[in-house]
Structure formats: structure tokens, C-alpha cells
Amino acid sequence: MPVALHKLLLFTFGIVYLADGNSALLSVRKDPRCGWKPHETKPWSYFNLLTRIVGGNQVEQGSHPWQVSLKRRQRHFCGGTIVSAQWVVTAAHCVVDRYILDYLNVTAGEYDLSLEEAEEQTLPVESIIKHPNFNPGRPMNYDIALVKLKGSFRFGPSVAPACLPDPDEKFDPGYICTTCGWGRLRENGNLPQVLHEVNLPILNYKECSKILLTLRKPIQGDTLMCAGFPDGGKDACQGDSGGPLLCRRKHGAWTLAGVTSWGMGCARGWINNLRKNYDQRGSPGVFTDLRKVLSWIHGKINADLKMKSSTASCSSQDGKLHGNEGSLHFPESPKHFYENNQLCVWTLLVPKGMHVLLNFSHFDVEPDTFCDYDSLLVYSKDDRLVGKFCGDDPPSPILVGYNSVRLKFVSDNKEYGAGFSMTYKAVSPDALPDSGCGSLAVLFKAGVIQSMHYPEPYSNLAQCHWIIHAPEDHVILLTYQSFETEENEDCSYDSVTVYEDSAKEEEIAKSCGFAVPPPVLSFSNVMLIIFKSDETETFGGFRATISFIHMAGKGSNEYKWQPAFPQGQHRRFSRES
Ligand SMILES: *[C@@H]1O[C@H](CO)[C@@H](O)[C@H](O)[C@H]1NC(C)=O
Ligand SMILES: *[C@@H]1O[C@H](CO)[C@@H](O)[C@H](O)[C@H]1NC(C)=O
């Protein structure tokens with residue numbers, strides 16, 4: 001199994017949709033997975049806005065991965081928006097029926113209602129929380145509810161959360177946002193089978209209030225947010241209720257600005273309202289302004305998390321795990337989230353003389369470029385840091401060349417994740433020379449390393465990594481015994497590269513071809529060795545010995561060596577200063 005080193009060294013960062021490398025996004029503290037469409041790599045263009053919901057377009061499959069369909073006995077009746085794996089936001093008026101839990105299902109990854117698509121995930125509902133100020137007699141105000149699923153959605157290309165707005169985030173009048181749903185394509189029109197969307201400008205609140213006062217039953221409320229075109233022609237319609245009004249924030253993530261609530265007819269326009277009969281008048285689309293109910297949403301979700309995670313803190317500080325193999329799950333169930341402000345330590349101990357192989361199967365720790373918020377730290381012998389991990393890709397397997405490993409999990413006071421699961425097992429050091437090819441090998445002893453299958457040809461697309469730690473006051477000498485790799489002028493096809501540190505920052509030597517390269521001496525007591533091959537041509541590979549050399553008297557140009565392994569081989573080298 002290839003090991004991707006960029007994920008290993010000090011962080012794993014889980015934004016998979018960020019193909020344009022938008023670094024501004026990295027400053028968004030909340031779930032950085034939110035608000036990205038799977039294929040969205042180009043900056044958003046205003047050109048595709050005013051194309052011809054009512055007056056909208058059919059969307060491409062997967063282009064609103066946060067959109068869900070609330071279903072009653074398999075039939076769509078309202079929309080909703082995924083904001084986390086377990087929570088969906090919808091309109092309160094969609095879920096007023098007191099027996100609703102008996103029949104309600106929520107489907108994510110839905111596109112064509114008449115088909116059961118491979119990406120679909122349907123979950124029943126555990127509970128529904130309507131906003132306490134919601135009043136069915138005045139259903140346009142505080143028209144918002146939280147739906148807690150029984151189980152969690154698995155995120156992927158067709159299922160992903162939208163972002164919740166930041167408390168100070170505003171979408172000003174004129175800003176063009178998008179609403180979507182399976183609602184009617186015109187007033188009293190047909191229900192479409194596939195998801196539609198329409199782009200609408202946000203209206204000024206005062207203007208909107210004035211328009212709403214021209215209706216027979218004047219609409220007023222604290223949470224109203226309006227969007228639409230005065231001439232009509234584009235709008236949300238019946239069946240869209242509960243779905244999202246999404247605005248794209250500066251860095252590009254799609255943010256839930258409003259929940260589709262109400263409209264007078266659909267797409268009627270309101271310019272000449274006062275000259276029309278009451279029953280002919282129109283209104284903009286009315287949405288529940290998310291910013292007005294944001295603290296309520298956060299409060300409910302966090303309170304629930306607190307309850308749930310009471311089982312998810314580390315029960316035993318410095319828990320010791322013994323034996324030849326075992327597993328560690330934190331929290332115990334992947335359905336739980338870990339708590340804030342955790343510091344958990346586990347020590348894995350396998351029999352003396354054996355090495356420990358860690359293999360992660362599930363990983364979900366608050367992502368950050370440097371894993372500065374929540375992280376899992378792996379320490380080996382003498383408390384040396386092997387790696388610091390976060391994000392949602394499991395780290396590659398890690399082989400630690402010692403019989404104990406310490407794991408430390410820390411979380412800060414914000415955000416959360418579902419933790420990690422891994423297995424560990426004792427492996428014999430005899431199996432080690434090509435260990436770096438199936439895992440990241442972190443070694444503490446002098447010995448031999450080699451490419452996989454040596455002396456048989458190595459595999460194409462190999463990625464082998466060894467990190468060597470020598471004791472303090474030692475440097476590391478890598479001596480090739482044989483060498484046979486694809487020849488290339490700058491060694492860009494197949495090569496062995498030696499770095500000064502485990503962060504791949506300083507390259508000491510890069511070798512390829514068929515001549516045995518000169519030995520390589522490290523500058524400190526750490527050395528990183530990477531062997532990689534491309535997709536064509538394979539040869540016998542390499543075998544090399546690792547030895548440790550004691551440096552007496554730091555600062556002197558000449559080192560007095562005390563060879564550790566193998567005797568005498570290093571004597572040809574003197575270090576340049
Ligand atoms: C909810 O969905 C599941 C899975 O599709 C289905 O088996 C079940 O019958 C649905 N429940 C209702 C009440 O429709
Ligand atoms: C890690 O576990 C997976 C199964 O979960 C297995 O396929 C893989 O071979 C294991 N890797 C190592 C290096 O043992």
C-alpha cells in the first residue's frame with residue numbers, strides 16, 4: 001500500500017474539493033468541508049446567474065449535495081438542508097404534524113425523485129426541534145426547525161453539508177443567491193422529478209416589508225428575508241418549502257442564508273400589486289433569515305452534542321494496552337463525537353523486541369493546516385514525535401521500530417469530530433527491510449533497508465518512506481550495497497531521495513541509475529529516506545545499511561566516530577563543514 005508522505009508529516013488536511021487551492025478558505029474555522037460542490041474548481045462566475053423552480057433550471061446531479069428531500073411514505077413533501085452528518089435544517093411549517101416521526105424519512109443524494117440513485121441515503125428521524133417562537137397561526141415567522149437523524153449521513157461527492165453563516169456574515173440586498181427544490185415549476189403546475197434551482201437577488205428588508213403589507217393578510221415578522229424579481233418570473237413554489245436559499249461567501253463556500261418559507265402564489269411579481277385584486281397580488285419569495293436564528297441553531301446542536309458525548313471522553317488517562325494485537329476506538333462508537341477540551345493518552349505495548357504497526361480505518365478530527373486545534377499525536381521511543389494528525393483522511397499505516405507507542409489526543413474548546421479507529425499489532429523486526437513500502441517506517445536502530453521484493457524488481461508507482469532516528473549526539477550514515485533503478489538525468493522517474501529532516505525540507509542527496517551512489521551522511525540524528533518509482537520500467541532496486549555514528553565534541557570539524565553498524569564502513573568519509 002503506497003504511503004503518501006505529505007499527509008503524514010504533521011498534518012492531514014481534508015478538503016478534497018479545493019482543487020483551485022484557495023488558501024483563503026483555510027482560515028474558515030468551522031467544518032471546512034461545508035459548502036463545496038464536488039466538481040466546483042473554478043471561481044464562481046456571475047455570467048451563469050441570470051439564465052433561465054419557477055423560471056429556473058434543472059441542475060446537474062450532485063450540484064446541491066446538501067439538499068435533502070423530506071418524505072412521507074416515500075413521497076417528497078418538503079426540502080431541507082444538511083448542516084452536519086446528523087442534522088438537517090428545514091421549515092417548521094413542514095413538520096407541524098404531531099405524528100410525523102411515524103412516517104418521516106430524509107433522503108440525501110437525491111436527484112431524480114422517480115429513481116433510486118446509487119448515491120441516495122435515506123435515514124429515519126430521531127427528533128425534531130421547532131423554533132419555540134414558531135406559531136402555526138403566523139407560520140411565516142420563525143419558520144425553522146431542526147431535524148435530528150437516526151444515524152448519520154456519509155459525506156461524499158453527492159452528500160455534503162452547506163455552511164452555516166458566521167454570526168457577522170451579511171448578504172446584502174442585491175446579492176444574488178440560489179434556491180433549489182423539487183417544488184412546482186409554475187403556480188399550480190407540475191411537480192418535477194429532478195432537482196431545480198433558481199437564482200434570486202436578496203431584497204432590502206424595508207422594501208420587502210412594504211410589499212408584504214399590500215397583501216390581504218399583511219405579513220410581518222422578525223425573521224423574514226425576501227428574494228426575487230419585482231416582475232416575477234422566478235421564484236420558489238410549493239414543494240420547495242424547507243429547502244435552502246444559498247449564498248456564496250467570499251471564499252466561495254455555499255452558505256445557508258435562508259430557509260424557503262412562503263410566497264403569495266409563485267413568481268407573480270408585485271410591481272403593480274396595488275392595482276390588482278387581492279387574490280391576484282404577488283410577493284417575493286419569503287425565507288427565514290438564518291442569521292436571526294443562528295444562535296438558537298448552534299445552541300440546540302451543541303446541547304445535543306454535550307449529552308451524547310458524555311460517553312465519549314477518554315475514560316482512562318494513560319490507558320495501557322498490552323498484547324500482540326488490539327484495537328483502539330475513540331470515542332468507543334464512531335457514532336459519537338469526542339468532547340471539547342480532551343487530553344487522552346494511551347500507551348500501546350507489544351512484547352519486547354517486537355515492533356508496532358498502527359493501521360487506521362476511520363479518522364475524523366477537526367481539520368486545520370497545522371492541526372493546531374484538535375489532533376492525534378503519535379510518539380515513539382524517548383517521546384519522539386512521529387506524527388501529528390487531523391482532518392478526515394486516515395493516516396497511512398505507521399510502523400514504529402520499537403515495542404511501545406504513545407498516542408495522545410487533544411481537543412480544544414470548539415468544533416468536534418467523530419474521532420478515530422485503528423488496530424495495532426506486533427510485527428517481527430525480521431520482516432523489516434522493505435517495511436517502508438507498506439507503511440511509514442520509523443526506525444530507531446541501525447540495520448538494513450531495501451526496496452520492495454529486493455532483489456526482484458520493485459513495483460511501479462512505489463512510495464516507500466523510512467524515518468530514521470539515531471540517539472542524541474549521533475549522525476546517520478546510509479551506505480548503499482547495491483543500486484539499480486531507472487536512469488534519468490535529474491532522477492525524476494525512479495529515485496531514492498534522502499532528506500535532512502522528516503518534514504522533507506532539506507534534500508541531502510538524490511540518486512538513480514545503475515552506479516552505486518556514494519554513502520550519505522545526515523546532519524543531525526534524523527534522516528528521511530524516500531524511494532519512489534513511476535508507472536513504467538522496474539529494476540532490482542536498492543539495498544542499504546543504516547549505521548549510527550557518535551559525534552564527540554560538537555562544533556569541531558572532525559568527528560571522532562564510534563561506529564555502531566557496520567564496523568568500519570564509514571571511514572572513507574569526512575564531513576565537510
Ligand atoms: C423509510 O425508508 C426506509 C428505507 O428506504 C424504508 O424501508 C421505510 O419503509 C421508509 N419508511 C417509511 C415510513 O416510508
Ligand atoms: C490495514 O488494514 C486494512 C484493512 O482495514 C488492510 O487492508 C491493510 O492491508 C492494512 N495495512 C497494513 C499495512 O497492515
Side-chain angles (χ1 to χ4, degrees), residues 1-12 14 16 152 154-156 321-336 346-351 353-365 376-381 386-407 409 417-445 447-454 456 458-469 502 528-533 541:
M1 174 188 298
V3 180
L5 195 73
H6 68 275
K7 286 198 303 192
L8 277 165
L9 295 169
L10 309 184
F11 64 94
T12 68
V16 286
S152 323
R154 289 180 316 279
F155 294 154
L321 295 117
H322 298 267
N324 269 315
E325 57 187 353
S327 59
L328 177 60
H329 307 280
F330 177 72
E332 282 89 32
S333 156
K335 282 192 183 156
H336 289 159
W346 301 271
T347 305
L348 313 181
L349 261 176
V350 298
M354 300 295 271
H355 293 177
V356 185
L357 180 68
L358 309 180
N359 196 356
F360 291 87
S361 55
H362 145 83
F363 203 83
D364 178 26
V365 174
L376 177 70
L377 299 116
V378 179
Y379 296 90
S380 62
K381 200 179 163 219
V386 169
K388 183 175 179 186
F389 304 100
C390 65
D392 52 11
D393 287 331
S396 314
I398 304 173
L399 179 102
V400 179
Y402 196 63
N403 75 324
S404 83
V405 174
R406 207 157 51 83
L407 301 175
F409 178 81
F420 63 91
S421 294
M422 57 150 234
T423 57
Y424 65 92
K425 70 175 181 209
V427 293
S428 159
D430 302 339
L432 290 186
D434 61 358
S435 57
C437 300
S439 55
L440 165 78
V442 185
L443 305 176
F444 300 90
K445 290 211 177 103
V448 176
I449 64 168
Q450 65 190 32
S451 48
M452 71 273 266
H453 320 310
Y454 178 89
E456 299 297 315
Y458 50 80
S459 316
N460 282 321
L461 296 172
Q463 288 267 358
C464 307
H465 302 86
W466 295 266
I467 295 175
I468 317 289
H469 287 273
S502 55
L528 166 66
I529 303 157
I530 297 183
F531 169 64
K532 67 168 193 57
S533 63

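Below, each value reflects all heavy atoms present in this structure, side chains not excepted, and no hydrogens, waters or symmetry copies. Quick note: residue numbers are just sequence positions, from 1. Atoms within a ligand are numbered from 1 in the order they appear, just like the ligands themselves.
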Checklist entry - ligand 2 versus S361, non-hydrogen atoms closer than 4.0 Å: side chain, backbone, both, neither? => result neither
Checklist entry - Would S439 count as a contact of ligand 2 if the rule is a heavy atom under 4.0 Å away? => result no
Checklist outcome for this item: Under 4.0 Å from one or more heavy atoms of G438, ligand 2 contributes atoms 13 (C)
Item to check | side chain to side chain contact (heavy atoms under 4.5 Å, CB included) between L376 and F360, worked out | outcome: CA-CA 12 Å; L376 177 70; F360 291 87; 3.6 Å; yes
Next on the checklist: Tell me the contacting part of L357 for ligand 2: side chain, backbone, both, or neither, using a 4.0 Å heavy-atom threshold, strictly below.
Outcome noted: side chain
Checklist outcome for this item: With sequence neighbours left out, the residues meeting side chain to side chain contact (heavy atoms under 4.5 Å, CB included) with T423 are S327, N359
Checklist outcome for this item: Across all chains, not counting sequence neighbours, the ring pair (Phe, Tyr, Trp, His ring centres under 6.0 Å) partners of Y402 are none
Checklist entry - Would Y458 and F531 count as a close aromatic pair, with their ring centres under 6.0 Å? => result yes
Item to check | Minimum heavy-atom distance between S533 and N460, given as atom pair plus value | outcome: OG-C, 3.4 Å
Checklist outcome for this item: If we number the atoms of ligand 2 from 1 as shown, the ones under 4.0 Å from a heavy atom of P397 are 13 (C)
